[in-house]
Amino acid sequence: MVRRIASQVHQQAARLLRANYLQKEPVWYQAVLEYPPLTLPPKAPPPRTAYDRKPDRKQKKLHEHSTRPLPIYYLEDDIRRQFFTDHPFEAKPGPIAGTQWTRLRQRGRNPTSEDAIQYALNLYQYHSVTLSEAYSRAVAQFRALRSEHHIATTFAAMEAEALGSTFGPSEIERTMKCALAARKRWKAIIEKIMGETYVRLWQNGTKPNYMASLAPTPTPTIPPTQPAVAETVKSGPKPLHKTADFMGVKAL
């Protein structure tokens, strides 16, 4: 059978049945007749190339496509050009790099981790430093600048507090406050549940026991040669009555 599209399979099967090429209907034949497949949308004819068209006598030479790339245009380029035309002093040079970048501090007194990585790479590429030595220098200067920034920030905060400035709660204090509020809320919920359980057991006539013995009392082993001691142990303290406490644990 010739390969056909889905909307023509049942039509071809009907023709084969009428010509007695198929002695029995396929299992899917009636189902496809009741729910036929969707027809394909019409397709536009493919465009003809200049080679297939009839040559025009008036047109002496076909225009060839230019090999030059199309211009790349972004609207933000026009906005950026107009902005820096109105504000020329806002134009700043890019970050320092190349042979002029000799210290990490030249990127700022509080460098980021990416600045340290780029500084190590710059030393390796432009200053003829081995990669391990460049990494050691970058890490040492990064840690020194971070320590300097931390000490300066700490002393600035202490000076501000000494002069009467007040700061809001820190992130740790806010987190602890939220944790304590959540603990207080859950404690109230648990106490409410325990109180309701106590009242329910009291109404049912069951005495709640908040001192549940969760571990069984060990029973001493008595050898058979001491009957008198065995009778004394057996007649010892009486076990508690077996009633369930408020948690459903049976006392021994």
Side-chain angles (χ1 to χ4, degrees), residues 41 44 46-47 49-50 62-195:
T49 61
L62 297 176
H63 295 285
E64 298 180 357
H65 294 285
S66 176
T67 57
R68 298 180 60 183
L70 297 176
I72 300 175
Y73 172 74
Y74 293 100
L75 183 60
E76 50 265 29
D77 292 341
D78 293 341
I79 301 175
R80 185 177 294 107
R81 187 180 302 108
Q82 183 64 35
F83 179 82
F84 286 114
T85 302
D86 298 336
H87 307 81
F89 295 100
E90 294 296 331
K92 299 179 181 179
I96 188 171
T99 55
Q100 298 179 355
W101 193 13
T102 57
R103 294 182 303 166
L104 183 59
R105 184 186 290 269
Q106 293 176 273
R107 283 284 184 96
R109 301 185 64 179
N110 186 24
T112 61
S113 56
E114 188 62 28
D115 292 335
I117 295 172
Q118 293 297 328
Y119 176 66
L121 182 62
N122 187 80
L123 290 177
Y124 174 73
Q125 292 179 344
Y126 296 98
H127 295 277
S128 302
V129 181
T130 60
L131 193 59
S132 58
E133 179 66 20
Y135 179 77
S136 301
R137 291 187 187 180
V139 169
Q141 296 186 28
F142 176 77
R143 292 174 179 174
L145 291 174
R146 279 297 179 91
S147 300
E148 180 181 345
H149 180 266
H150 176 69
I151 294 173
T153 305
T154 303
F155 275 87
M158 294 172 60
E159 182 180 0
E161 291 179 354
L163 295 176
S165 300
T166 57
F167 299 95
S170 62
E171 190 66 26
I172 298 177
E173 294 175 351
R174 287 194 295 267
T175 305
M176 290 298 298
K177 184 178 180 180
C178 294
L180 292 176
R183 181 177 178 273
K184 186 181 297 184
R185 183 170 62 255
W186 279 108
K187 183 178 180 181
I189 293 174
I190 293 174
E191 290 178 353
K192 179 181 179 182
I193 295 175
M194 292 176 60

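For this chain, numbers begin at 1 and follow the sequence in order.
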Indicate yes or no for a side-chain donor-acceptor contact from [X] to the backbone of [Y] under 3.5 Å, with no hydrogens or angles considered.
X    : Y    : result
S136 : S132 : yes
D115 : T112 : yes
Y119 : Y135 : no
H87  : F83  : yes
H149 : P111 : no
Q141 : A138 : no
Q106 : W101 : no

State, to 0.1 Å, how close R174 and P169 come at their nearest heavy-atom pair, and which atoms those are.
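Where R174 meets P169 most closely, the heavy atoms are NH1-O, 2.7 Å.
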
Heavy-atom pair of closest approach, residues Y124 and A134:
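For Y124 versus A134, the nearest heavy atoms are N-CB, 4.2 Å.
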
Between K184 and L180, does the side-chain contact (heavy atoms from CB on, under 4.5 Å) criterion hold? Intermediate values first, please.
CA-CA 6 Å; K184 186 181 297 184; L180 292 176; over 6 Å; no

Inspect the surroundings of [atom1] in [X] and state if more than 12 heavy atoms from other residues, nucleotides or ligands are less than 6.0 Å away.
X    : atom1 : result
F155 : CZ    : no
F167 : CZ    : yes
E76  : CD    : yes
F84  : CZ    : yes
H127 : NE2   : yes
I172 : CD1   : no

Checking side-chain polar atoms at under 3.5 Å, does Q118 have a donor or acceptor matched by the opposite partner on N122?
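Checked: Q118/N122 side chains show no N/O donor-acceptor pair below 3.5 Å.
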
Does R105 pair with E148 as a salt bridge, N-O distance under 4.0 Å?
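Yes, this pair counts.
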
With a 4.0 Å cut-off, would you call E133 and R137 a salt bridge?
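Judged by the 4.0 Å cut-off on N to carboxylate O distance, E133 and R137 do form a salt bridge.
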
What distance separates D78 CG from Q82 CD, expressed to the nearest 0.5 Å?
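The CG atom of D78 sits 9.0 Å away from the CD atom of Q82.
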
Could you state the interatomic distance from NE2 (H150) to CG (L145), rounded to the nearest 0.5 Å?
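One finds 14.5 Å between NE2 of H150 and CG of L145.
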
